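Below is one structure, written out as structure tokens; comments come after it.
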Amino acid sequence: MYASEVRQHLMLLGEERVLAHEAGLDHDRAYMADLDDEIATYRSAYMGAVVTEIAMLRARIDGPLVG
């Protein structure tokens, strides 16, 4: 996945969290814990995707590291 795709999904999860709160589901501990875990997973995936894309861009611009 590209960083932009991961970010889009992360944004949707944030919206889901707001909607869950508005619907009173923030009292459902299992649901909120699952949602929080998924958000944490996608945050980590987003950081990994961003770092990878930056490294790939750097390699295209400067060429591979030698030595």
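Heavy atoms only: backbone and side chains are in, while hydrogens, waters and symmetry mates are out. Please read these numbers as outputs of a predicted model, since none were measured by experiment.
- Counting heavy atoms of neighbouring residues, nucleotides and ligands inside a 6.0 Å radius, atom OH of Y2 does not exceed 12 of them.
- The CG atom of L35 lies 13.0 Å from the NE2 atom of H21; values are rounded to the nearest 0.5 Å.
- The side chain to side chain contact (heavy atoms under 4.5 Å, CB included) test with I54 is passed by exactly one of V51, L57, V50: V50.
- Under the 4.5 Å side-chain criterion, counting only non-hydrogen atoms from C-beta, T41 is not in contact with E38.
- Q8 CD to L13 CG: the interatomic distance, rounded to the nearest 0.5 Å, is 10.5 Å.
- In this structure, H9 and V6 have side chains that are not in contact, with every pair of non-hydrogen atoms separated by 4.5 Å or more.
- Annotation: R58, atom CZ; neighbour count of heavy atoms from other residues, nucleotides and ligands within 6.0 Å is above 12.
- Of all the heavy atoms in M32 and D26, the pair that sits closest is CG-CA, 3.6 Å.
- Counting only distance, with no hydrogens or angles, the side chain of E53 and the backbone of A3 share a donor-acceptor pair below 3.5 Å.
- To the nearest 0.5 angstrom, L10 atom CG is 8.5 Å from Y46 atom OH.
- Enclosure of atom CE in M1 by more than 12 non-hydrogen atoms of other residues, nucleotides or ligands within 6.0 angstrom is indicated.
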